[in-house]
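Please read the structure below before turning to the comments.
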Amino acid sequence: MLDGKTKTGPMVEVVNVTCGYGNTVVLENVSFSVARGEVFFVVGRSGCGKSTLLRNMIGLQDPRAGEIRFDGQTLSGGGQRERRKLLRRMGILYQSSALWSTMTVGENVALPLEEHTRLTRAEMRELVAMKLGMVGLAGVEGVYPEALSGGMRKRAALARALILDPEILFFDEPSAGLDPVSARNLDRLILQTRESLGTTIVVVSHDLESICTVADRVVMLGRDEKTLIATGRPRDLAGESENPHVREFFQGTMTQKAKEV
Ligand SMILES: Nc1ncnc2c1ncn2[C@@H]1O[C@H](COP(=O)(O)OP(=O)(O)OP(=O)(O)O)[C@@H](O)[C@H]1O
Ligand SMILES: [Mg+2]
C-alpha cells in the first residue's frame, strides 16, 4: 500500500484497446488512464461494453489489440506467475457479490488470506474482524450470507475484496439490486475506503445517481460509437460536452440529483 503511494504515474493505463467476443467487436481503440487514489467511473447505457472493458482491465480477458497496464506493467505481458502477482494487488467486487453460500461470512472474507498468505488462524480471524468492522458489519463472522440483506452482502463482499489491502478496487455495478438507501450507504463506504486506505477505485455503473456523489472522473462509452464518447468530471460533462447524448445523460443525472435534494 505504502509502495503504491510513493510511486508516480497512473495506476491503470488503457492504451488503444479493442475488445469483444468471437467475431463481434464491442469496443475499439479505447484509451484512458486512472490516477492513483482516484475514484473513477466507467459509465454508459446497457450493453455498451462496460463489463467487457472491466473484464479486460482485471485480466479475465485479453484485449484483441492495444494493452492494459497496471502500475506500468502490461497485464497480458509476462507469464502466469507475473500476472498472478499483479492480480493479487487488485480487489474485485462482482455484481452478484459472489459470496459462497455454504461458508460463513467470516470464512468468505478469509478466503483470499487462505489462498495467498501463510497467516495463522488467529491472525486471519483478527484481520477478518477488522475488515468487517470497517464496512460496518462487526460481529457477523459466524452468519451465513443468505441471512444477510442485499446491502450487507455487498458490504461483506467489500470486506473480502479489501482483505489483502489492494492498491486498486474494481466494482461492477455496486448498486445493482439495492434499495436507494443501501445504494447511497455503499457510495459513502466507497468514499470512506478511498479516504482511509488511499485505494484507487474503478466503478463500472449505469446507476447515474452515484456519479455525482462519488466520481472524481468519468469515461462514458457509446454503444453505437463502440468507443469512448466522453471523459471528464461529471459536472463539466453535463454542461460542456459537444455530444448531445453525453449532455442528456449527465444533465438527467444532475436533474435527478437536484430533485432529491
Ligand atoms: N460472454 C459474451 N459473449 C458474447 N457477447 C457478449 C458476452 N458478454 C457480453 N456480450 C455482448 O457484448 C456487448 C457488451 O456487453 P457488456 O455486458 O459488456 O455491456 P454492459 O455495458 O456491461 O451492459 P449492462 O449495463 O447491461 O451490464 C453486448 O452486446 C453483449 O451482448
Ligand atoms: Mg455490465
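Residue numbers count from 1 along this sequence. Indexing begins at 1, ligand by ligand and atom by atom, following the structure's order.
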- Message: Assess whether a salt bridge exists between R36 and D71, defined as any Lys/Arg side-chain N lying under 4.0 Å from an Asp/Glu carboxylate O.
- Response: yes

- Item | Option passing ring-ring contact (aromatic ring centres under 6.0 Å, His included) with F40 (candidates F32, F170, F171) | F32

- Message: Side chains of D187 and S210: any donor to acceptor distance under 3.5 Å?
- Response: yes

- Task: State, without any angle test, whether R194 and T200 hold a side-chain donor-acceptor pair at a distance under 3.5 Å.
- Result: no

- With clusters built from Ile, Leu, Val, Met, Phe, Trp and Tyr whose side-chain heavy atoms come within less than 4.5 Å, directly or transitively, what are the remaining members of the cluster of V15, listed by chain and number? none

- Item | Salt-bridge present (K226, E28; N to O < 4.0 Å) | no

- Can you pull the residues with any heavy atom under 4.0 Å from ligand 1? Y21, V26, R45, S46, G47, C48, G49, K50, S51, T52, R55, E173, H206

- Item | Side-chain donor/acceptor of R223 to backbone N/O of S46, under 3.5 Å | yes

- Restricting to pairs with a member in residues 121-159, which pass ring pair (Phe, Tyr, Trp, His ring centres under 6.0 Å), not counting sequence neighbours? none

- Message: Inside 2.8 Å of the Mg ion (ligand 2) but strictly below it, how many protein N/O/S atoms are present?
- Response: 1

- Electrostatic pair E107-R160, nearest N-O below 4.0 angstrom: no

